[in-house]
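For reference, the structure discussed in these notes is given below.
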Amino acid sequence: MTGVSPKTVSRALNDVPHVSPAVRKKVKEAAAALDYHPNIAAQSLIARRTFLIGLTYERPSPSYVVELQKGAIDRLENERYRLVVLPFGDVASRPAELGQFLVRAGLDGVLLAPPACDQPEVLDILERQKLAYARITPHQDLDRGIVIVMDECHAARDVAAHLLKLGHRRIGIIMGDPSHSASAARMAGYRQAFAAAGVSIDENLIVRGDFTYDKGHEAALILLSRRPAPTAILAQNDDMAVAAMAAARASGLSVPDDLSVAGFDNSEISRTAWPQLTTVHQPVHEMAWEATNLLIAALESGDVASCRRDRRHEVLARGSTAAPAG
C-alpha cells in the first residue's frame, strides 16, 4: 500500500530519524486509513525503552498540580511517550529514597517539580543511573540539568510592593513549607519590598501555612486575632490566600474593604474566588510544557546537556486588594 519496506514503515511510525518527510507522511496516512495503531508495549520491548516520563511533586496545592500535569500532557499529545504521576512526601528528609524510587520506576525520563528539583542527592542518583531529568522552578545549582525557572524572589517583591503602594503597613504573611526553596525565596522578596519602602516587618505577623488550604485558614485566623489586626495578608500561594479570604469572612470582615489579600501562582482557584484574587502569575502550565519538550528532545537526541530557560512573572491586581480603610 505504501510501496516501502516493513523496516521503513516501522521507522516512520516510530519517528526514527533518516526517513524522509514525504515517506513518513505517506506511511502515517496509510496507517490512519487502516486504523492501525502501533503497540507501545511491543515498541518498548524492541527499543528497550518504556516511553514513560515521570512527574514527581510533594503535597502542593491541587491547582498547582493540575497546571503541572496539563502542561506536560499537552506537550505529550500525539507523542509515543506517556506521563506517570509520582507524588512523594517528605522529600527533604529522604531524598535518596526518592532517587532510588525514580530509578526503579522504569522511566525514560523524569520531570522534577518542587521540592525534588532542589535536592542534590536526587540529582546525583539520577545522573549516576543516566536517567534524564528536567527541573521545574529550582532555586539552586541552576546550571545543572534542564532548568525552567522564574525569579520567585523578584515576583514576591513585586506583589508585596503592590500592597505597600496601596498604603498597607501592617501586613500579615502566611508562609509555605520551609523545606521548599520557594518559601524562602518568596519571603526574601517580601523583605526586599518592605526594606525598599522603609517599612519594618512585624515578625509576630509571620505564620506558617504549609501551602495547603486548611493550614492557610488556621494561619489566617491566628493573624486576624493579633492586635492590632493586619490590614492585609500576603500568602505564599493561592490556596492559602483563598483560605485567608474565607477566614476573614468567618470573622465578620469584608475583602477588600476590611482586609486585602494577595496570593501567588495565578492558579484556577484565584480566578474562581470572589472577589477574584490578586496574585502573581507564575506560568506553571507553560513551564511544565517547556520542561517536557526539552526532556523529549534530550531523550530523542541522546544529548542531555544542561540548558536553562527563564520565564517572566506578572502581578495581577484584582478585586481582593484595595487601599486600607481610613
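All values derive from a computational prediction rather than experimental measurement.
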Check: [Y] and [X] side chains under 4.5 Å, non-hydrogen atoms:
| X | Y | result |
| --- | --- | --- |
| Leu111 | Thr56 | no |
| Gln282 | Met287 | yes |
| Ile171 | Pro230 | no |
| Thr321 | Leu166 | yes |
| Ser270 | Val242 | no |
| Leu86 | Tyr57 | no |
| Leu277 | Asp238 | yes |
| Ile296 | Leu76 | yes |

For the side chain of [X] and the backbone of [Y], is there at least one donor-acceptor N/O pair under 3.5 Å apart?
| X | Y | value |
| --- | --- | --- |
| Gln276 | Arg271 | yes |
| Asn237 | Met240 | yes |
| Asp210 | Thr212 | no |
| Ser320 | Thr278 | yes |
| Asp151 | Cys153 | yes |
| Ser306 | Gly145 | yes |

Under the side-chain contact (heavy atoms from CB on, under 4.5 Å) test, which residues partner [X], sequence neighbours left out?
| X | answer |
| --- | --- |
| Ala248 | Leu224, Leu253, Val255, Leu259 |
| Ala96 | Gln100, Glu121, Ile125 |
| Asp118 | Arg135, Pro138, His139, Gln140, Ser181 |
| Asp310 | Val149, Arg308 |

Is there a path from [X] to [Y] through hydrophobic residues (I, L, V, M, F, W, Y) whose side chains come within less than 4.5 Å of each other?
| X | Y | value |
| --- | --- | --- |
| Ile136 | Val66 | no |
| Leu295 | Val147 | no |
| Ile148 | Leu142 | no |

message: Please identify which of these residues, Glu152, Glu286, Glu290, meets the salt bridge (Lys or Arg N to Asp or Glu O under 4.0 Å) condition with Arg311.
response: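 Going through the options one by one, the only one that passes is Glu290.
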message: Under the rule for ring pair (Phe, Tyr, Trp, His ring centres under 6.0 Å), what residues qualify as partners of His154, not counting sequence neighbours?
response: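 Residues passing ring pair (Phe, Tyr, Trp, His ring centres under 6.0 Å) with His154: His313.
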task: Using the test ring pair (Phe, Tyr, Trp, His ring centres under 6.0 Å), find all partners of Tyr81 that sit at least two apart in sequence or belong to another chain.
output: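 Phe51.
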message: I'd like to know whether Val199 forms a side chain to side chain contact (heavy atoms under 4.5 Å, CB included) with Leu164, so could you lay out the CA-CA distance, the side-chain angles of the two residues, the decisive distance to 0.1 Å, and finally the verdict.
response: CA-CA 9 Å; Val199 178; Leu164 290 161; 4.1 Å; yes
What pair of heavy atoms forms the shortest contact from [X] to [Y], and how long is it?
| X | Y | answer |
| --- | --- | --- |
| Glu58 | Gly89 | OE1-C, 3.8 Å |
| Tyr190 | Ala156 | CD2-O, 3.5 Å |
| Leu299 | Asp108 | CD2-O, 3.2 Å |
| Glu67 | Ala288 | O-CB, 4.5 Å |
| Val315 | Val159 | CG2-N, 3.8 Å |
| Pro95 | Gln119 | CB-OE1, 3.8 Å |

task: Walk me through it: do Arg104 and Glu97 pass the test salt bridge (Lys or Arg N to Asp or Glu O under 4.0 Å)?
output: CA-CA 11 Å; Arg104 293 194 302 267; Glu97 188 176 338; over 6 Å; no
- prompt: Can Asn293 and Arg309 be counted as having a side-chain donor-acceptor contact under 3.5 angstrom?
  reply: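 Looking only at side-chain atoms, Arg309 and Asn293 do not form any donor-acceptor pair under 3.5 Å.
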Nearest 0.5 angstrom please: [X] [atom1] to [Y] [atom2], how far?
| X | Y | atom1 | atom2 | result |
| --- | --- | --- | --- | --- |
| Ile174 | Ser183 | CD1 | OG | 12.0 Å |
| Ile53 | Thr50 | CD1 | OG1 | 9.0 Å |
| Ile73 | Leu68 | CD1 | CG | 10.5 Å |
| Leu163 | Asp158 | CG | CG | 12.0 Å |
| Ile233 | His168 | CD1 | NE2 | 11.0 Å |
| Ile206 | Leu223 | CD1 | CG | 9.5 Å |

task: Would you list the pairs meeting ring pair (Phe, Tyr, Trp, His ring centres under 6.0 Å) in which at least one residue belongs to residues 276-301, sequence neighbours left out?
output: none
With sequence neighbours excluded, tell me which residues meet salt bridge (charged side-chain N to carboxylate O under 4.0 Å, His left out) with [X].
| X | answer |
| --- | --- |
| Arg249 | none |
| Arg226 | none |
| Glu77 | none |

List the atom pairs, with distances to 0.1 Å, where a side-chain N or O of residues 214-222 and a protein N or O form a donor-acceptor pair under 3.5 Å, not counting sequence neighbours.
none

query: If you draw a 6.0 Å radius around CZ in Arg312, do more than 12 non-hydrogen atoms from other residues or ligands fall strictly inside?
result: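 Atom CZ in Arg312 is not crowded, with 12 or fewer foreign heavy atoms closer than 6.0 Å.
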- prompt: Got more than 12 heavy atoms from elsewhere within 6.0 Å of CD, Glu268?
  reply: no
query: Do you know which of Val91, Thr137, Asp177 makes side chain to side chain contact (heavy atoms under 4.5 Å, CB included) with Pro114?
result: Thr137
Ring-face cation of Arg169 near Phe194 (centre distance under 6.0 Å, axis angle within 45°):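 Output no; distance or angle outside limits.
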query: Can you list the steps and then say if Arg186 with Phe264 is a side chain to side chain contact (heavy atoms under 4.5 Å, CB included)?
result: CA-CA 9 Å; Arg186 295 174 191 182; Phe264 201 108; 3.3 Å; yes
- request: Give the other cluster members for Leu316, using side-chain heavy-atom distances under 4.5 Å between Ile, Leu, Val, Met, Phe, Trp and Tyr residues; answer none if it is isolated.
  value: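 Answer for Leu316: none, a lone residue.
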task: Could you please spell out the steps behind the side chain to side chain contact (heavy atoms under 4.5 Å, CB included) verdict for Leu126 and Leu112?
output: CA-CA 11 Å; Leu126 300 184; Leu112 300 173; 4.0 Å; yes
message: As a quick check of understanding, evaluate side chain to side chain contact (heavy atoms under 4.5 Å, CB included) for Glu127 and Tyr133, giving each step before the final call.
response: CA-CA 9 Å; Glu127 289 170 5; Tyr133 63 83; 2.5 Å; yes
